[in-house]
Amino acid sequence: MAGEVLGVLCSGRGTNLQSIIDAVASGQIKAPIGVVITDKPGVMALERAEKANIPAVCVDRKQFATREEFDAALLAELKKYGVTLVCLAGFMRLLTAEFIRAYEGRILNIHPALLPSFKGAHAHRDAIAYGAKVSGCTIHFVVEDMDAGPIILQAAVPVEEGDDEDSLGARVLVQEHKLYPRAIELFLAGKLTIDGRCVRISK
Ligand code: GRF
């Protein structure tokens with residue numbers, strides 16, 4: 001689709017957002033970021049967006065009584081900025097079915113583990129506690145079930161003796177910053193086809 005516009009949703013420090021900003025600047029990602037939205041005020045992702053002259057909007061989850069109202073407000077902002085592809089980058093909220101329907105097949109997420117292992121908000125802690133020797137990161141399409149959508153790309157990272165959440169997280173993050181821009185690049189080039197549970201990647 002020509003004229004794609006990215007909307008990046010974050011909850012915190014925004015290093016994955018930064019990797020997307022940098023990939024737009026370098027020309028790897030051939031579409032602009034129309035807006036960055038956070039669900040909390042005062043987070044670093046907002047500063048990163050402002051620094052890159054990208055509209056930065058906080059839709060504060062605390063101001064909304066229900067998930068439905070919050071998601072409706074998110075959708076209104078995305079629409080306002082003409083967003084066609086939603087990239088969740090450390091966005092710590094589950095989206096409603098209504099939101100997902102509005103961007104069917106057009107929502108990507110990054111998860112810091114090799115799905116379907118270690119879903120949820122504590123992937124590194126869980127991988128270490130389980131005794132996994134390999135972890136990594138996954139970019140996938142978003143469906144209603146958490147961390148369950150068709151997988152686009154994965155990168156494996158060793159879990160080393162003595163690792164804690166921070167050391168493993170830092171090692172995985174290096175791969176995240178390469179993988180997310182690559183997945184967006186493939187999406188924008190029209191190379192991804194969802195085939196049931198699988199994503200076919202054409203050459
Ligand atoms: C990343 O590890 C991402 O995989 C996970 O949350 C973290 C966000 O980090 N979903 P950042 O805000 O992009 O630095």
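We count ligands from 1, going down the list as the structure has it; atoms in each ligand are counted the same way. Basis for what follows: all heavy atoms, side chains included, without hydrogens, waters or symmetry-related copies.
The side-chain heavy atoms of Ile107 and Phe141, taken from C-beta on, include no pair separated by under 4.5 Å. Within the 4.5 Å cutoff, no side-chain heavy atoms of Ser19 are placed close to those of Glu176. Using a 4.5 Å heavy-atom threshold, the side chains of Val142 and Val86 count as separate.
With respect to the salt-bridge test (charged N to carboxylate O, under 4.0 angstrom), the residues Glu98 and Arg101 do not qualify.
At the shortest separation from atom 10 (N) of ligand 1 among protein heavy atoms lies Ile110 O, 3.2 Å. Regarding atom 6 (O) of ligand 1, its nearest protein heavy-atom neighbour is Gly90 CA, 3.6 Å. Among all non-hydrogen protein atoms, the one lying nearest atom 2 (O) of ligand 1 is Glu176 OE2, 3.0 Å. Residue, atom and distance of the protein heavy atom nearest to atom 5 (C) of ligand 1 are Pro112 CD, 3.9 Å.
Judged by distance alone, the side chains of Ser167 and Asp164 do bring a donor and an acceptor atom under 3.5 Å apart.
Looking at Met92 against ligand 1, nothing comes within 4.0 Å, counting heavy atoms.
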Review item, side-chain donor-acceptor pairs of residues 115-124, under 3.5 Å, at least two apart:
unit_1: His122; atom_1: ND1; unit_2: Arg125; atom_2: NH2; d: 3.2

Only pairs under 3.5 Å count here: list side-chain donor-acceptor contacts from residues 50-62, not counting sequence neighbours, and write none if there are none.
unit_1: Asp60; atom_1: OD1; unit_2: Lys62; atom_2: N; d: 3.1
unit_1: Arg61; atom_1: NH1; unit_2: Phe64; atom_2: O; d: 2.8

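In terms of polar-atom proximity, defined here as any N/O pair under 3.5 Å, Gly12 makes no such contact with ligand 1. When only interatomic distances are considered, the shortest N/O to N/O separation between Gly14 and ligand 1 falls below 3.5 Å. Not one N or O of His111 is nearer than 3.5 Å to an N or O of ligand 1, by distance alone.
Residue-ligand proximity, Arg13 to ligand 1, at heavy-atom distances under 4.0 Å covers atoms 9 (O), 11 (P), 12 (O), 14 (O).
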